[in-house]
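Worth saying up front: this structure is predicted, and the values here are computed from it rather than measured. Values below: all heavy atoms of this structure, side chains included; hydrogens, waters and symmetry mates excluded.
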Amino acid sequence: MSEEKKYPKIIAGAFIFNDKDELLLTKGTKWHDKYVCLGGKIEVGEKIEETLRREAKEEANLEIENIEFINFLNGYDVNDSYASQDNHLFFLDYKAKAKNSDEIKLNGESSGFKWSPVKEWLKMDKKRFAPYVYEVLEKLEKKDENFEHKYLLALADYQNLLKRTAQEKLEFVKYANEDLIQSIIPVYDNLKISLAHVDETVKKNGWLEGIKHVIRQFKDVLESMGVEEIKTVGEKFDHNTMEAIEGKGEKVIKEVRPGYKLSGKVIVAAKVIVG
């Protein structure tokens, strides 16, 4: 007679966390009291999630949710297996959340249990764990670090977006009135020019004081909107803020037309004569 064929066993394991992000491991009596996760063989006709829920309930009285696949391991020749015929196991490991972590009641498959963060579990000697468990812990830690890194990157991008948006809003507010100001400035300049050429005999008239008052009002309004007049006469010629229409030299000797800045930005270049 030909020898009966044997096939690997499939084990579904649940790495269960509580609300404090602590991981539950139990001391498996079939694994010589080494730390293992809850789980067991998948029964015929049973879905993996059904196995995980059944084993969590049977072994520790736990209800679980948020089941998420984390690891597959082909465990061949598992020396610590609880039965010699089960030395070839496939481990399908899942992460889950306990809904009643304070209601643990162990059955005979475990001699004790412990909740601890993954980082703390990894500080323990590997020999205290069942063969495949430490490898899963390393994957969990790496996954958490990757998620944290991605979260920090996303957070930094979001904060930069907020800063850019705030800066753009500020820039918009600064220059939103530029078109209006551009249309006001020629009127303001013409008033000043007209006043500069008023005949001496007219300067005593009362209406002239009214014009001066209007000019002062123009000046105050423009300044309140962030407009400043560019200094020219006596200053060194600056091609960034001035336009030389006559003369050669580095010093401004006469202003032909005033120039203006809006919040530091040149909106009208001053026309000057240099010498």
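Counting heavy atoms from C-beta outward, Arg128 and Asp125 have side chains that approach closer than 4.5 Å. Looking at heavy atoms from C-beta onward, Glu120 lies in side-chain contact with Lys123 at the 4.5 angstrom threshold. A 4.5 Å side-chain heavy-atom check between Trp121 and Leu140 finds every atom pair outside the cut-off. Residues Leu23 and Leu137 are in side-chain contact: their nearest non-hydrogen atoms beyond the backbone lie under 4.5 Å apart. The shortest distance between side-chain heavy atoms of Phe69 and Lys95 does not fall below 4.5 Å. The shortest side-chain heavy-atom distance between Val133 and Phe15 falls under the 4.5 Å cut-off. Two residues are said to be in side-chain contact when any heavy atoms from C-beta on lie closer than 4.5 Å; Tyr94 and Glu68 fail this criterion. Looking at heavy atoms from C-beta onward, Val272 lies out of side-chain contact with Val256 at the 4.5 angstrom threshold.
Of all heavy-atom pairs between Thr29 and Ser110, the closest is CG2-C, 4.0 Å. The heavy-atom pair separating Ala12 from Ile48 by the smallest distance is CB-CG2, 4.2 Å. Heavy-atom minimum distance, Ala60 versus Leu106: CB-CD2, 4.1 Å. For the pair Ile10 and Leu92, the tightest heavy-atom approach, listed with the atom from each and the gap, is CG2-CD1, 3.8 Å. Annotation for Tyr134 and Met124: closest pair CE1-O, 3.8 Å, computed over non-hydrogen atoms. In terms of heavy-atom proximity, Phe237 sits nearest to Met242 at CE1-CB, 3.6 Å.
To the nearest 0.5 Å, atom CG of residue Leu62 and atom OG of residue Ser101 are 7.5 Å apart. Note that NZ of Lys99 is 12.5 Å distant from CG of Asp19, once rounded to the nearest 0.5 Å. Between atom CD of residue Glu55 and atom CG of residue Leu38 there is a gap of 8.5 Å, rounded to the nearest 0.5 Å. Interatomic distance, CD of Glu49 versus CG of Leu52, reported as 7.0 Å (0.5 Å rounding). Of the inter-residue distances, the one linking Glu46 atom CD with Thr51 atom OG1 reads 3.0 Å to the nearest 0.5 angstrom. The distance from atom NZ of Lys219 to atom CD of Glu223, rounded to the nearest 0.5 Å, is 3.5 Å.
Salt bridge status for Arg54 with Glu43: present, with a side-chain N to carboxylate O gap under 4.0 Å. Checked for salt-bridge contact, Lys271 and Glu243 meet the test: a charged N lies under 4.0 Å from a carboxylate O.
Around atom NZ of Lys97, more than 12 heavy atoms belonging to other residues, nucleotides or ligands sit under 6.0 Å away. The environment of Glu250 atom CD is sparse: at most 12 non-hydrogen atoms of other residues, nucleotides or ligands sit within 6.0 angstrom. Residue Glu228 places its CD atom among more than 12 non-hydrogen atoms of other residues, nucleotides or ligands, all under 6.0 Å distant.
Evaluation of the side-chain contact (heavy atoms from CB on, under 4.5 Å) rule for Asn240 yields Asp238 as partners, not counting sequence neighbours. Every salt bridge (Lys or Arg N to Asp or Glu O under 4.0 Å) that Lys57 has, sequence neighbours left out, goes to Glu63. A search for ring-ring contact (aromatic ring centres under 6.0 Å, His included) contacts involving Tyr260 returns nothing, not counting sequence neighbours.
Checking side-chain atoms of Glu141 against main-chain N and O of Glu138 turns up no donor-acceptor pair under 3.5 Å. Checking side-chain atoms of Asn61 against main-chain N and O of Ile104 turns up no donor-acceptor pair under 3.5 Å.
For Phe17 and Trp115, the distance between ring centers is not under 6.0 angstrom.
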Side chain to side chain contact (heavy atoms under 4.5 Å, CB included), that's the test. Do Glu22 and Ser116 meet it? Break it down for me. CA-CA 5 Å; Glu22 295 171 327; Ser116 188; 5.7 Å; no
Apply side chain to side chain contact (heavy atoms under 4.5 Å, CB included) to the pair Glu255 and Glu229, showing each step before the final yes or no. CA-CA 12 Å; Glu255 180 181 271; Glu229 194 166 334; 4.1 Å; yes
List the steps, then state whether side chain to side chain contact (heavy atoms under 4.5 Å, CB included) holds for Ile11 with Ile42. CA-CA 6 Å; Ile11 307 296; Ile42 300 174; over 6 Å; no
Please walk me through it: do Asp93 and Lys139 pass salt bridge (charged side-chain N to carboxylate O under 4.0 Å, His left out)? CA-CA 11 Å; Asp93 296 309; Lys139 287 181 178 292; over 6 Å; no
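Linking Ile, Leu, Val, Met, Phe, Trp and Tyr whenever their side-chain heavy atoms come within less than 4.5 Å leaves Ile273 and Val268 in two separate clusters. Under the 4.5 Å side-chain contact rule for hydrophobic residues, Val266 and Val233 do not share a cluster. Under a hydrophobic-cluster definition in which Ile, Leu, Val, Met, Phe, Trp and Tyr are linked whenever side-chain heavy atoms come within less than 4.5 Å, directly or via other members, Ile253 and Ile230 are assigned to different clusters.
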